[in-house]
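First up is the structure itself, then whatever we jot down about it.
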Amino acid sequence: MAFSVFMSDPVPSNPQLVVDLSALIRNYRTLQGVARCEVAAVVKADAYGLGMKPVVETLVGAGCHTFFAAYASEGAQVRAIAPDAEIFIFAPFVEVDADLLFDNSLKPCLYDVSQARTFSAAAWERGRHARAALHVETGINRLGMNRKAVETFLSDESLQSIKIDLLMSHLACADDLESPNNRSQLEEFVGYREKFPDLRASLANSAGIFLGPEYHFDMVRSGIALYGHDPHYEKIPARVVPVATLQARLGQIKTVEPGQSVGYGATVTCATATRLGVVLAGYADGIMRRLGNEGPEGPQTVSINGHRAPIFGRVSMDLITVDLSQFAPDEVKPGALVEIFGCDVKVEELAQRARTIPYEIFTHVGSRVPRVYVDGCG
Ligand SMILES: *Cc1c(COP(=O)(O)O)cnc(C)c1O
């Protein structure tokens, strides 16, 4: 990842992902208010691209004690920041991770019996306690341990040394309030829970938190809602606040003559003399190429001083061109800040135009983009 800076440091002209850590705390508190149980933070993929260290530090400061990462290597990153936290790893246990896992006291999720045996053996060889989460299958059919495997797991004497610290499962359709899968997964999970009445239990991701209290159990696992996207935003707006803003600088302003085309492929031609702004950010920074104005949905717009400017022509690696016709001649100058997504251009809007989801927008912000941390929108 690119270097992390705080806003008081000088910031160069390249695009920046500005992360508002007080908004992160606000969202954490909002989720605590809704869930009324432990809110664990999912910080896989460098905390959804926002930057592992400041995000984990901030959440620890807000009282968060439990973290989930995708890989053991990510868990080790969390451990270095949060020495006292409980850290679970979503990836199935594989032998090559054993040292990383035990040296950092990380708890893997177990998904089948042979994996549990390998894990138990790896712990025994190292003289360590084997502690893990049991991730049961309730209907998403990706990694969960099915009923039969759970029976085998429970009856296998050699696996008794594994201490299960969490019973968990994962919802497939929680972003759809109407999906019947939610209730059927809930019922499946309740069935498993009867077998493990004393275990802490967790079913809900961000979207699941808002499905109602029966989905909360002892712990919810939130990622995207902490970072400012509510998966039900179309039906119920404004429950969480934006945390991340991708901004860039206006590099040049020019007027292009009628009949001239702009950008690679000469895909757009100016009908009249057109004032254009060249923005210093492109697909290497996370502005998907699909956002160029060739698609059926029309162009994505960026925001400059609170006014919208449509992307004009193709998205290049380091540049986009925007139409400044709507702006008065002196209203914007080179060096002006351009918001790609944030408080004005919502990440949901950008994701929709790019035919993807906010998760992918966040995790596609380029590795060369410095993450800049602020405390409050000031
Ligand atoms: C990524 C992930 C989460 C967090 O999901 P969000 O929708 O970002 O809240 C929770 N549980 C599992 C198993 C995951 O893989």
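Both ligands and their constituent atoms are indexed starting at 1 by order of listing. Fair warning: this is a prediction, and the values are worked out from it, not measured in the lab. Keep in mind that the numbers below use all heavy atoms, side chains included, and drop hydrogens, waters and symmetry copies.
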Donor on one side chain, acceptor on other, Thr269 and Ser261, under 3.5 Å: no

Inter-residue atom distance His307.NE2 - Leu324.CG, 0.5 Å rounding: 12.0 Å

Glu348-His229 side chain donor-acceptor pair, cut-off 3.5 Å: yes

Point-to-point distance, once rounded to the nearest 0.5 Å, from OG of Ser120 to CG of Leu110: 10.0 Å

Inter- and intrachain pairs under ring pair (Phe, Tyr, Trp, His ring centres under 6.0 Å), touching residues 169-213, at least two apart: Phe189-Phe217

Residue contacts for ligand 1, heavy atom to ligand atom, distance under 4.0 Å: Val42, Lys44, Tyr48, Phe90, His170, Asn205, Ser206, Arg221, Ser222, Gly223, Ile224, Tyr359

Rounded distance (nearest 0.5 Å) linking atom CG of Asp175 with atom NE2 of His232: 6.0 Å

